Amino acid sequence: MGDRLTAVTAHDWTTGRTTRIPAAECGFAYRTSRYKQQPGRWTILSLTLHLTPSTTAAPITYQHLATALQAPLDSRPPLAEAAAAVLHDRAERGLLLPEAGHDHRQAGSCFLNPTVTDHQARTLRSQGAPLYRTRAQAWRASAAWLLEACGYRPATEVTRGVRCSTRRTLALTAQAEATASGFRAALETMAASVYEASGIALHPEPVAV
């Protein structure tokens, strides 16, 4: 989306005005934006995308997708084939929101992958943890791996009514008896477990309204 977004039309509740904001002023970064950093201020009304008609996909830069397509990075497979592979890959990894069932009520991934120091990266690598470099050449660790190293698993109940997804430890689901305070407590409990075990701070991704 960030690659193709031209502008956003949003209502600013601080000024009472609706304004058009160019993509360059949206503050997009890893799972964040000016809208997330100022919760409650903005309501996004519409957005404008710049799309290019094509029968081939954009160059594949995501390793998971390249693996699913059995294609090299930067290749451009047929568009329909790439779209089908995206859906298949996300379904295999539990990243599609089901229409019903145990995992239906969720907010997706609940923690950001944390940045870690070089020393922490060496320690994690020795334990078999996945790591990757950001564009700024900082190390990021896998929040899911850190949680699973602390004993959390898919379908684990963290607090009453709040469970990990049956497919992914990183996604918390709300069952019938869940409450907002219980959901918040689950996030705090999981983050505290990781910090106690590794000294790495996990930051929740969902924004409390």
Side-chain angles (χ1 to χ4, degrees), residues 1-2 27-37 39 61-68 86-87 89-98 102-175 178-209:
M1 291 293 287
F28 291 129
Y30 172 67
R31 297 194 185 183
T32 192
S33 68
R34 70 185 295 180
Y35 314 107
K36 187 171 183 178
Q37 293 166 357
T61 59
Y62 190 43
Q63 185 60 59
H64 272 292
L65 182 56
T67 301
V86 168
L87 291 173
D89 174 61
R90 294 182 69 80
E92 285 290 303
R93 294 191 289 136
L95 295 172
L96 296 183
L97 184 66
H102 180 284
D103 296 340
H104 176 57
R105 297 171 64 189
Q106 60 162 289
S109 298
C110 281
F111 291 100
L112 302 173
N113 288 331
T115 55
V116 296
T117 65
D118 289 344
H119 174 72
Q120 289 171 327
R122 287 192 294 270
T123 300
L124 290 171
R125 191 181 294 109
S126 71
Q127 298 169 354
L131 295 158
Y132 67 94
R133 287 277 198 185
T134 68
R135 291 181 179 178
Q137 295 303 302
W139 287 110
R140 278 198 189 276
S142 165
W145 188 94
L146 291 165
L147 289 167
E148 290 178 0
C150 292
Y152 295 101
R153 295 290 184 271
T156 297
E157 184 172 56
V158 185
T159 58
R160 179 176 171 80
V162 181
R163 296 175 177 267
C164 296
S165 160
T166 58
R167 301 292 303 278
R168 304 174 63 225
T169 302
L170 195 56
L172 287 181
T173 65
Q175 306 307 305
T179 63
S181 59
F183 195 90
R184 188 181 306 111
L187 293 174
E188 293 171 353
T189 297
M190 297 171 85
S193 297
V194 168
Y195 189 78
E196 182 177 347
S198 65
I200 297 172
L202 290 186
H203 298 286
E205 183 167 11
V207 174
V209 178

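This chain uses plain numbering: 1 for the first residue, then up along the sequence. Quick caveat, the model's predicted, so the values are computed rather than measured.
- The salt bridge (charged side-chain N to carboxylate O under 4.0 Å, His left out) search around Asp103 returns none, not counting sequence neighbours.
- In this structure the side chain of Leu172 reaches within 4.5 angstrom of the side chain of Met190, judged on heavy atoms.
- Taking both residues in full, the closest heavy atoms of Gly182 and Thr159 are given as O-OG1, 2.9 Å, listed atom of the first, atom of the second, then distance.
- Under the 3.5 Å distance criterion, the side-chain polar atoms of Glu148 are left unmatched by any main-chain donor or acceptor of Trp145.
- Separating the OG1 atom in Thr173 from the CD atom in Gln106 is a distance of 7.0 Å, to the nearest 0.5 Å.
- Formation of a donor-acceptor pair under 3.5 Å by the Ser198 side chain with backbone atoms of Tyr195 is not found in this model.
- Taking CZ of Arg168 as the reference point, atom OG1 of Thr166 lies at 11.0 Å (rounded to 0.5 Å).
- Under the 4.5 Å side-chain criterion, counting only non-hydrogen atoms from C-beta, Arg34 is not in contact with Phe28.
- Contact annotation: the side chain of Tyr30 never approaches that of Thr134 to less than 4.5 Å [non-hydrogen atoms, C-beta and beyond].
- For the residue pair Ser109/Glu205, the side-chain donor-acceptor check at 3.5 Å is not satisfied.
- Looking at Arg167, its side chain does come within 3.5 Å of a backbone N or O of Ala91 through a donor-acceptor pair.
- Side chain to side chain, Ser193 and Tyr152 meet the donor-acceptor criterion of an N or O pair below 3.5 Å.
- Between Trp139 and the options Leu124, Asp118, Thr115, a side-chain contact (heavy atoms from CB on, under 4.5 Å) holds for only Asp118.
- For Pro114, the side-chain contact (heavy atoms from CB on, under 4.5 Å) partners are Ala141, Ala143, Leu146, Ile200, Leu202, not counting sequence neighbours.
- A 4.5 Å side-chain heavy-atom check between Pro154 and Cys164 finds every atom pair outside the cut-off.
- Inspection of the Gln127 and Thr123 side chains reveals no N or O donor paired with an N or O acceptor under 3.5 Å.
- Between the Ser33 side chain and the Tyr35 main chain, a donor and an acceptor come within less than 3.5 Å of each other.
- Within the 4.5 Å cutoff, the side chain of His102 has heavy atoms near those of the Arg163 side chain.
- Using a 4.5 Å heavy-atom cutoff, the side chains of Val162 and Gln175 are not in contact.
- Separating the CZ atom in Phe111 from the CZ atom in Arg31 is a distance of 12.0 Å, to the nearest 0.5 Å.
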- request: I would like to know whether Tyr132 and Asn113 meet side chain to side chain contact (heavy atoms under 4.5 Å, CB included); could you show each step before the answer?
  value: CA-CA 10 Å; Tyr132 67 94; Asn113 288 331; 3.8 Å; yes
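- No side-chain donor-acceptor contact under 3.5 Å links His203 to the backbone of Leu112.
- For the pair Pro206 and Cys110, the minimum side-chain heavy-atom distance is below 4.5 Å.
- Contact of the Arg140 side chain with the Val116 side chain is not registered, since no non-hydrogen atoms from C-beta on lie closer than 4.5 Å.
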